[in-house]
Protein chains: 2
Amino acid sequence: MDRRQRKTREAIFSAFSTLMKNQRYESITVQDIIDKADIGRSTFYSHFETKDTLLKAMCSDIFEHIIEGSVCDYPEKSVTLEARLTHILWHFENKKSDIRAILSSQSHDIFLGYLRDYLYTLFEMHLDDFHTKVPQSFLIHHLIGTFCEAVNWWIKESPAASPEQIATYYMSVIETH
Amino acid sequence: MDRRQRKTREAIFSAFSTLMKNQRYESITVQDIIDKADIGRSTFYSHFETKDTLLKAMCSDIFEHIIEGSVCDYPEKSVTLEARLTHILWHFENKKSDIRAILSSQSHDIFLGYLRDYLYTLFEMHLDDFHTKVPQSFLIHHLIGTFCEAVNWWIKESPAASPEQIATYYMSVIETH
DNA sequence: TAATAAACGAACACGATGTTCGGTAACATA
DNA sequence: TATGTTACCGAACATCGTGTTCGTTTATTA
């Protein structure tokens, strides 16, 4: 279809992302986005129903790539957990600026919600690696929560660290003997 | 001062808490609170500047008790981490209904923000208990994040569990040898 | 019972949202 | 190059929630 559509969509994404670097998601108005992207009001609404929809679209965008990549690059079940996580973290590295914008906004919940869903299926495959006395549901929540925490720490406290480094930290902290 | 003030404040808290059990924080309007609490519009605004202020006040309320209790009951530094955490969890048990309302709302961040601040100083006292290769800052984030996750799991997935049980699960999952 | 302080609630100004619609510019096709 | 289609433009509008104002009523205190 129309090249214009993609261009406009990109302009909106880009404006939104820029704005998020300087202010909280909540305080950004549709007008701000329109001005920054230099598009008409009705154009924005013809692309996205609401500001939330835009944020969701951005999150989906990020995760689409990760999931596609995951399927293409590591289809076998024998791949280690650490390898899979490193792989995810590499994708984050590439989209770091967008992710940082989302995570540092007040509503990183939406992004983390997506991440959690995705991680759920992933960790289910590797549950046999762990032997603990806690309920399985507690364990999964723990593993996912800790990974999200690690990503948060990475982005906010030590952005220069490599994906491998973060994966190593993560593994060493969840290891139970 | 005036008994009426406290009564009104209580009515607002109670109405807010009730509303939060049924809908997301974001979707609750000041009008909803006013109607539920059966008070005048200007009365609400004479108590709280905004809806956010109200939420913060509620969080502070919960943590005041915990911190006061902590100072009175466990002043010595020799108390174990598990004992301290259990103590916190017991306070949560008492305020469970309010906490659940906040945690299940879209903006549990504010509550968790308070909790994190409080936990930070607590964990600093017990850092020597842990020996890992990860940076200290990563470790603290990990310990705090995992505790928040445990509280979340407790409230949402297994509300009948005892505070001691949760503390045990937590300890067994963060133990590194 | 008089003075003080709080609650009331209607009315208002303001700002953001999301829609509508007539007009313009870009694209695809023949 | 002409023609039909489709996206973008942007001013205008209705709607809704916010937070304030202020004169009135009701409760508390001394």
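These numbers come from a predicted model, not from an experiment. In what follows, chains carry the letters A, B, and so on, assigned in the order in which the sequence lines appear, proteins first and then strands, with residues in each chain numbered from 1. Atom set for the values below is all heavy atoms of this structure, side chains included, hydrogens, waters and symmetry mates excluded.
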Can you tell me the distance, in whole Å, between the CD atom of B/Gln23 and the P atom of D/dG17?
11 Å
Between C1' on D/dC9 and CD on A/Gln5, what's the gap in Å once rounded to a whole number?
15 Å
Nucleotide C/dA25, atom P - distance to CG of A/Asp2 in whole Å:
16 Å
Round to a whole Å and report the spacing from CD1 of B/Ile33 to C1' of D/dG17.
12 Å
So, does A/His47 get its side chain near the phosphate of D/dA7, meaning an N or O under 4.0 Å from OP1 or OP2?
no
Atom CD1 of B/Ile12 to atom C1' of C/dA6: distance rounded to whole Å?
12 Å
Output yes when a side-chain donor or acceptor of B/Thr8 lies under 3.5 Å from a complementary backbone atom of B/Arg4, and no otherwise.
yes
Bend angle of the helix from C/dT1-D/dA30 to C/dA30-D/dT1 from five-pair axes at both ends, rounded to 10°?
30°
The side chain to side chain contact (heavy atoms under 4.5 Å, CB included) partners of B/Lys21 (sequence neighbours excluded) come to B/Ser17, B/Ser97, B/Ala101
With sequence neighbours excluded, residues passing side chain to side chain contact (heavy atoms under 4.5 Å, CB included) with B/Glu82:
B/Thr80, B/Thr86, B/Ala167, B/Thr168, B/Met171
Taking CZ from B/Phe44 and P from C/dC8, how many angstroms apart are they, rounded to a whole number?
13 Å
Do the ring planes of A/His142 and A/Phe138 sit parallel (below 30°), tilted (30 to 60°) or perpendicular (above 60°)?
parallel
For D/dC9 and A/Thr43 - does any side-chain N or O of the residue sit under 4.0 Å from the phosphate oxygens OP1/OP2?
yes
From the list C/dC8, D/dC8, D/dT28, which nucleotide is the closest neighbour of the side chain of B/Ile39?
C/dC8
In a table with atom names and distances, give each donor-acceptor pair under 3.5 Å that connects a side chain of residues 152-165 of chain B to protein atoms at least two apart or in another chain.
| residue | atom | partner | partner atom | Å |
| --- | --- | --- | --- | --- |
| B/Asn152 | OD1 | B/Lys156 | NZ | 2.8 |
| B/Trp153 | NE1 | A/Ser137 | OG | 2.6 |
| B/Trp154 | NE1 | B/Ala161 | O | 3.0 |
| B/Ser162 | OG | B/Gln165 | N | 3.0 |
| B/Glu164 | OE2 | B/Trp90 | NE1 | 2.9 |

Hey, is B/Arg116 close enough to A/Glu149 for a salt bridge, meaning N to O under 4.0 Å?
yes
D/dT28 phosphate, OP1 or OP2: any side-chain N/O from B/Arg3 under 4.0 angstrom?
yes
Relative to each other, are the rings of A/Phe147 and A/Tyr170 parallel, tilted or perpendicular (30° and 60° limits)?
perpendicular
Can you find a side chain N or O atom of B/Tyr45 that sits less than 4.0 Å from OP1 or OP2 on D/dT20?
no
With sugar-phosphate meaning primed atoms plus P, OP1 and OP2, does B/Asp32 contact a base, only sugar-phosphate, or nothing at under 4.0 Å between heavy atoms?
nothing
Protein proximity profile, nucleotides 11-16 of chain C - base contact B, sugar-phosphate-only contact S, no contact -, cut-off 4.0 Å on heavy atoms:
-----S
Can you see if the side chain of B/Gln31 gets near the phosphate of D/dG17 - specifically, an N or O under 4.0 Å from OP1 or OP2?
no
Would you please name every residue forming a side chain to side chain contact (heavy atoms under 4.5 Å, CB included) with A/Asp35, sequence neighbours left out?
A/Gln31
Do the charged groups of B/Glu10 and B/Lys7 touch, with an N to O distance under 4.0 Å?
no
Go through D/dC8, C/dC27, D/dT21 for me and flag the one nearest to the B/Ser42 side chain.
D/dT21
For C/dA7, does either OP1 or OP2 sit under 4.0 Å from a side-chain N or O belonging to B/Thr8?
yes
Whether B/Phe92 and B/Phe63 hold their rings parallel, tilted or perpendicular, with breakpoints at 30° and 60°
perpendicular
Tell me the interatomic distance from B/Lys7, atom NZ, to C/dA6, atom C1', rounded to whole angstroms.
13 Å
Separation of atom CZ in A/Phe48 from atom P in C/dG18, rounded to whole Å:
14 Å
